[in-house]
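Chain letters run A, B, ... following the sequence lines, proteins first, then strands; residues in each count from 1.
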2 protein chains.
Amino acid sequence: MTAQRRVVAEVLDGDHVHLTADEVHARAVAKLPEISRATVYNTLGELVSLGEVLEVATDRRAKRYDPNAHKPHQHLVCAQCGAIRDVHPAGNPLGDLPDAERFGFVVSAVEVTYRGLCPSCAGA
Amino acid sequence: MTAQRRVVAEVLDGDHVHLTADEVHARAVAKLPEISRATVYNTLGELVSLGEVLEVATDRRAKRYDPNAHKPHQHLVCAQCGAIRDVHPAGNPLGDLPDAERFGFVVSAVEVTYRGLCPSCAGA
DNA sequence: ACTTGACCTAGACAAAGTCCATTGTAGGAT
DNA sequence: ATCCTACAATGGACTTTGTCTAGGTCAAGT
């Protein structure tokens, strides 16, 4: 546990945030000015490997990092402003895929992304 | 309808393919050598706007373009080789999101990506 | 003190996509 | 037939996101 890794972990802790790698880097620099981009990327990669943090790809721009890795959840994304909320759908989406639709695949995970407009974007 | 747009449409037609923009460009160049990358991107963007083609983002690398836009479906992706199959899960995933989990959003769409191993990658 | 190895840094590099100024073209107006 | 205008296409520069590499630093063990 080095100073750099502690800073990255601190940045992700706290709110239910979904930061991009660059945002993590920017906040880390605020606490530890000499931290480099490569170190942030490396540390995020390690946290993902350890299962402490999830990668979320709700758009095709930057990956986002979700510290809420221990409770299974899906994401709800505003198509306009990009706001992201964690949500917990009912039912088991994996079970909804019939054997006939599995084409012999060993299916092990499912990601669900709900898209719509958040209250402020829908009101505007 | 120009020659360039016809060529892009032809490339996407046919099989149930999921090509990246670069693959579309490569195949378009084979038919019309002077077509430029920008034109392929523009044309793909127009086809997406018209609802004739879907953008699929199963990985964080290139977007893929799915000509099967008229029948709702989801995707099953091999985590190892990247193979993509169209699948049709049972049930209505949109309905699985309770009102209490919508946070006031107007939810209009849902994307489901199943991940696993295809038969050849699972066997190897 | 020297070696070793893990970690960090800066910057170069790569892939995917977008933007922009210029050039080309097709159809209508004169 | 020629000109005009609007739209489309082109090539290349640029941006964003992420990875890689070569070298430097530091602490622990011998």
Side-chain angles (χ1 to χ4, degrees), chain A residues 1-12 17-50 52-67 75 77 79-82 84 113, chain B residues 1-12 17-50 52-66 75 77 79-82 84 111 113:
Chain A
M1 175 60 75
T2 65
Q4 285 81 357
R5 298 187 183 190
R6 183 168 33 76
V7 165
V8 170
E10 281 174 16
V11 166
L12 283 174
V17 289
H18 300 84
L19 299 173
T20 66
D22 258 11
E23 286 164 354
V24 172
H25 179 229
R27 298 192 185 196
V29 164
K31 300 188 179 206
L32 186 68
E34 70 272 27
I35 195 170
S36 79
R37 242 162 40 94
T39 298
V40 171
Y41 275 99
N42 287 341
T43 306
L44 288 172
E46 285 162 23
L47 289 170
V48 170
S49 298
L50 291 172
E52 294 297 316
V53 164
L54 292 178
E55 272 183 10
V56 181
T58 53
D59 59 22
R60 284 106 238 139
R61 314 223 351 129
K63 293 179 204 169
R64 295 178 175 274
Y65 291 88
D66 185 341
H75 292 104
V77 181
Q80 192 160 328
C81 71
I84 302 176
T113 304
Chain B
M1 174 61 76
T2 65
Q4 285 81 358
R5 297 186 183 188
R6 185 167 31 76
V7 165
V8 171
E10 281 173 16
V11 166
L12 283 174
V17 290
H18 300 83
L19 299 173
T20 66
D22 259 10
E23 286 164 354
V24 172
H25 179 231
R27 298 191 185 198
V29 165
K31 300 188 179 209
L32 185 68
E34 69 273 26
I35 195 170
S36 80
R37 239 162 44 92
T39 298
V40 171
Y41 276 100
N42 287 341
T43 306
L44 288 172
E46 285 163 22
L47 289 171
V48 170
S49 299
L50 292 171
E52 294 297 316
V53 163
L54 292 178
E55 272 184 10
V56 181
T58 53
D59 58 23
R60 282 108 238 136
R61 314 222 354 124
K63 292 178 204 169
R64 294 175 177 275
Y65 292 87
D66 186 341
H75 291 105
V77 181
Q80 192 160 331
C81 70
I84 302 176
E111 291 161 23
T113 303

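- In this structure, B:His75 and B:Asp66 have side chains that are in contact, with non-hydrogen atoms separated by less than 4.5 Å.
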Check: Between B:Arg37 and B:Asp22, is a side chain to side chain contact (heavy atoms under 4.5 Å, CB included) present by the stated rule, with each step listed?
Finding: CA-CA 8 Å; B:Arg37 239 162 44 92; B:Asp22 259 10; 4.0 Å; yes

Show each protein N/O and nucleotides 18-20 of chain C N/O combination with a separation under 3.5 Å, one pair to a line.
residue, atom, partner, partner atom, Å
C:dT18, O4, B:Arg37, NH2, 3.4

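- B:Ser36 approaches B:His25 most closely through the heavy-atom pair C-NE2, 3.8 Å.
- Protein atom CD of B:Gln4 is 18 Å distant from nucleotide atom P of C:dT23, rounded to whole Å.
- B:Arg6 has its CZ atom 15 Å from the C1' atom of C:dA26, to the nearest Å.
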Notebook entry, point to check: After noting the C-alpha distance and the side-chain angles of A:Leu44 and A:Leu12, does the key distance pass the side chain to side chain contact (heavy atoms under 4.5 Å, CB included) rule?
Noted result: CA-CA 10 Å; A:Leu44 288 172; A:Leu12 283 174; 3.7 Å; yes

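- Taking a 4.0 Å limit (strictly below) on heavy-atom distances, residues 17-36 of chain A reaches DNA chain D at A:Ala21.
- Distances shown here put a side-chain N or O of A:Arg5 below 4.0 Å from the OP1 or OP2 atom of C:dC7.
- A:Asp59 places its CG atom 17 Å from the P atom of C:dA16, with the value rounded to the nearest Å.
- For A:Arg27 and A:Glu23, the salt-bridge test fails: no basic side-chain N is under 4.0 Å from an acidic carboxylate O.
- Backbone-only engagement by A:Thr2 is indicated by non-hydrogen atom pairs under 4.0 Å involving sugar-phosphate atoms exclusively.
- Between B:Leu44 atom CG and C:dA16 atom P there is a gap of 14 Å when expressed in whole angstrom units.
- In this structure, B:Tyr65 and B:Thr20 approach most closely via the heavy-atom pair CD1-C, 4.4 Å.
- Remark: B:Thr43 OG1 to B:Gln4 CD distance equals 7.5 Å, nearest 0.5 Å.
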Next item on the list: Begin with the C-alpha distance, continue with both residues' side-chain angles, and end with the deciding distance and a verdict on side chain to side chain contact (heavy atoms under 4.5 Å, CB included) for A:Leu32 and A:Glu34.
Entry: CA-CA 6 Å; A:Leu32 186 68; A:Glu34 70 272 27; 3.8 Å; yes

